[in-house]
There are 2 protein chains.
Amino acid sequence: MSAELYNNQERHLVAVDCIIFGYEDGELKLLLFHRGIVPAKGEWSLLGGWVNTDETIEDAAERVLMQTTGLKDIYLEQVHVFSEPERDPGGRVISIAFNALVDIKKHNKELVREHGAHWWGISELPKLIFDHDQMVSKALEKLRQKASYEIIGDRLLPEYFTISDLRTLYNAIFQTEFDPGNFRKKMLTLDALKKTNRKDTSGSKKGAFYYKFKTDSKINMGKKIKIV
Amino acid sequence: MSAELYNNQERHLVAVDCIIFGYEDGELKLLLFHRGIVPAKGEWSLLGGWVNTDETIEDAAERVLMQTTGLKDIYLEQVHVFSEPERDPGGRVISIAFNALVDIKKHNKELVREHGAHWWGISELPKLIFDHDQMVSKALEKLRQKASYEIIGDRLLPEYFTISDLRTLYNAIFQTEFDPGNFRKKMLTLDALKKTNRKDTSGSKKGAFYYKFKTDSKINMGKKIKIV
DNA sequence: ACAAAAGTGTTTCGGCTACACCCATGC
DNA sequence: GCATGGGTGTAGCCGAAACACTTTTGT
């Protein structure tokens, strides 16, 4: 069993591209980068990086995110593999798209600025290079699906937040307006949130209680996948 | 813009592994292979193949399936990328797992026999090489999710089938017993099936009408992804 | 006649929806 | 007091689940 067993086979460049979601000012946002290398230098793109021999693709995505945003322990999820031979005019690159959910408040703004990055509202994205538009579209689809089955705020919101914050996040994700009363009831029946006794008075005169996620997160939405 | 732009980067072997689902005798089955090359020669594995430079990973999966089973136009869906550096003792191979749904009746049995393949019931699989067990587990999860949102029989069942056939397939997929009456009603409300006037009398004295899928398949199960 | 699967009907239950309606407070 | 968002209550609707019941026909 040597490493040369498969030597007759073609080898490929493998990359990861990260769709970095954040949430700020009631809007779902994506972190995009001015591409620093040819081809398409200077255009907007997702955060990408090469996969090395001694790491998994998840490791690679984590490393690239750490180097660029200073964040660690980021939620990552595979989205889709893009492998059109001509997708990157610079050469044949197989790229795995990853969803990354980050708390905008926490990332290292210096690092990000250095890398020529900018947060864009989900509904006003610029044209992206290559097939990155497709990646974003798949990523959003996946994010919505995920958000349908579990509360995903724990990665996008700060530690303490109000139910209204959570609702506004969901409004942004699904581009709709959820009924405040029904939304609250649904979220509370899931038994994933812990009420604190502090209030946020910035949003209303009455003030809204802060909640936080229970430690055993990963609560599902009760919508069991089930047919018939 | 030359093909040598990215020449400093490490290149990797990229493979596809196909989880080939079929349905026969009321059981969900997987097509497994006696591996023909070292390492792990002779052990059971999924159908795998290398990705070439001039093709997408989907092309590669299609090609491998065609060469091995003689089938074309097979339903394929990406499942997950497996990239542990040590997952294959023969070398660092990044593998993309694909779900393939085939009509067992249609494949080229000669070709398959030549390749030392065998259909295994989903509940009595042998130990598989490498991380192929994990692949199967992810594949099943994905299949169930898919089956929850759309009727998937059109790839696994013959052209004409009874509602009972469809129910038995679903029973096999979800390892449960759906209520015959409720199942029938649910499937018919989806408006995806077309009744014929021929009957299958093999299953009962009364006989059951054959149905076929409406041409515009891809009907979803009415379970809209929706929260609140 | 009877067994056995096909197919229909009925009742109950729980969750979602669409509201109406209090509550607390800053102005 | 009144406007504003926070928070609670409730009636109606709809689909899932459970299960009784009717139909058909080979034996």
Side-chain angles (χ1 to χ4, degrees), chain A residues 25-26 147-151 153 157 160-172 174 176-212 219-228, chain B residues 25-26 144 147-151 153 157 160-171 174 176-212 219-228:
Chain A
D25 304 331
S148 305
Y149 286 98
E150 52 186 285
I151 304 186
L157 293 173
Y160 296 96
F161 54 88
T162 66
I163 303 277
S164 291
D165 292 336
L166 187 58
R167 175 167 47 83
T168 318
L169 168 62
Y170 266 78
N171 285 346
F174 288 97
T176 185
E177 290 288 327
F178 290 108
D179 179 278
N182 293 336
F183 185 89
R184 147 181 306 279
K185 273 176 287 183
K186 175 69 181 175
M187 289 302 145
L188 294 180
T189 59
L190 297 179
D191 195 38
L193 303 181
K194 195 165 150 52
K195 190 174 180 173
T196 70
N197 38 26
R198 291 181 306 105
K199 276 194 166 189
D200 168 22
T201 50
S202 68
S204 72
K205 337 277 177 161
K206 183 178 176 183
F209 282 106
Y210 279 114
Y211 285 78
K212 61 176 298 190
I219 307 289
N220 74 47
M221 300 283 277
K223 292 243 187 191
K224 277 155 282 164
I225 295 177
K226 189 188 274 193
I227 66 108
V228 179
Chain B
D25 304 330
R144 289 188 177 131
S148 304
Y149 285 99
E150 53 186 285
I151 305 185
L157 292 172
Y160 295 97
F161 55 88
T162 66
I163 304 277
S164 290
D165 292 336
L166 186 59
R167 174 167 47 84
T168 318
L169 167 61
Y170 266 78
N171 285 345
F174 288 96
T176 185
E177 291 287 327
F178 290 109
D179 179 278
N182 292 337
F183 186 89
R184 147 181 305 280
K185 274 176 286 184
K186 176 67 181 175
M187 289 300 147
L188 294 180
T189 59
L190 297 178
D191 195 39
L193 303 181
K194 194 166 151 48
K195 191 174 182 175
T196 69
N197 38 25
R198 290 180 307 105
K199 276 193 165 188
D200 169 21
T201 51
S202 69
S204 74
K205 336 276 178 166
K206 183 178 175 183
F209 282 105
Y210 280 114
Y211 286 77
K212 62 177 297 187
I219 307 290
N220 75 48
M221 302 283 277
K223 291 245 190 192
K224 276 155 282 164
I225 295 175
K226 188 189 277 193
I227 66 108
V228 177

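Throughout, a chain's letter reflects where its sequence line sits, starting with A, and its residues are numbered from 1.
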> Round to a whole Å and report the spacing from CD1 of A/Ile163 to C1' of D/dT8.
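Between C1' of D/dT8 and CD1 of A/Ile163: 13 Å.
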> Test of understanding: with side-chain contact (heavy atoms from CB on, under 4.5 Å), list the residues that count as partners of A/Ala172, not counting sequence neighbours.
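Result, side-chain contact (heavy atoms from CB on, under 4.5 Å) vs A/Ala172: A/Tyr23, A/Leu28.
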> Just how far, in rounded Å, is P of D/dG6 from CG of A/Leu166?
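That distance rounds to 13 Å.
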> Can you list the residues that meet the side-chain hydrogen bond (donor to acceptor under 3.5 Å, both in side chains) rule with A/Thr168, with sequence neighbours excluded?
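Partners of A/Thr168 under the side-chain hydrogen bond (donor to acceptor under 3.5 Å, both in side chains) test: none.
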> What contact category does B/Ser164 fall into here, base, sugar-phosphate, or nothing, at under 4.0 angstrom with non-hydrogen atoms?
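Sugar-phosphate only.
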> In whole angstrom, give the distance that lies between atom CE of B/Met187 and atom C1' of C/dT8.
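After rounding, the reported distance stands at 18 Å.
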> In a table with atom names and distances, give each donor-acceptor pair under 3.5 Å that connects a side chain of residues 192-201 of chain B to protein atoms at least two apart or in another chain.
from: B/Thr196; atom 1: OG1; to: B/Arg198; atom 2: N; distance (Å): 3.3
from: B/Thr196; atom 1: OG1; to: B/Tyr210; atom 2: O; distance (Å): 2.8
from: B/Lys199; atom 1: NZ; to: B/Lys206; atom 2: O; distance (Å): 3.2
from: B/Asp200; atom 1: OD1; to: B/Ser202; atom 2: N; distance (Å): 2.9
from: B/Asp200; atom 1: OD1; to: B/Ser202; atom 2: OG; distance (Å): 2.7
from: B/Asp200; atom 1: OD2; to: B/Ser202; atom 2: OG; distance (Å): 3.3

> Let me know the distance between CG of B/Leu188 and P of C/dT8, rounded to the nearest Å.
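To the nearest whole Å, that distance equals 8 Å.
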> Please report, rounded to the nearest Å, how far the P atom of C/dC16 is from the CZ atom of A/Phe178.
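About 12 Å, once rounded to whole Å.
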> Between C/dG7, C/dA6, D/dG6, which nucleotide gets closest to the side-chain atoms of A/Arg184?
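The answer is D/dG6.
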> Do the side chains of A/Phe161 and A/Tyr211 get nearer than 4.5 Å, heavy atoms only?
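Touching, per the 4.5 Å side-chain cut-off.
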> Find the distance B/Asp200:CG to C/dA4:P and express it as a whole number of Å.
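My rounded result for the distance is 18 Å.
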> If I take atom CZ in residue B/Phe209 and atom C1' in nucleotide D/dT23, what distance separates them, rounded to the nearest angstrom?
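To the nearest whole Å, that distance equals 12 Å.
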> Would you kindly give the OH-to-P distance between A/Tyr210 and D/dG6, to the nearest whole Å?
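From A/Tyr210 OH to D/dG6 P: 12 Å.
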> Applying salt bridge (Lys or Arg N to Asp or Glu O under 4.0 Å), can you list everything that pairs with B/Lys205, at least two apart in sequence or on another chain?
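Applying salt bridge (Lys or Arg N to Asp or Glu O under 4.0 Å) to B/Lys205 gives none.
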> Summarise how protein sits on nucleotides 19-27 of chain C as a single string, 5' to 3': B when a protein heavy atom is under 4.0 Å from the base, S for sugar-phosphate-only contact, - for no contact.
B---BBBS-
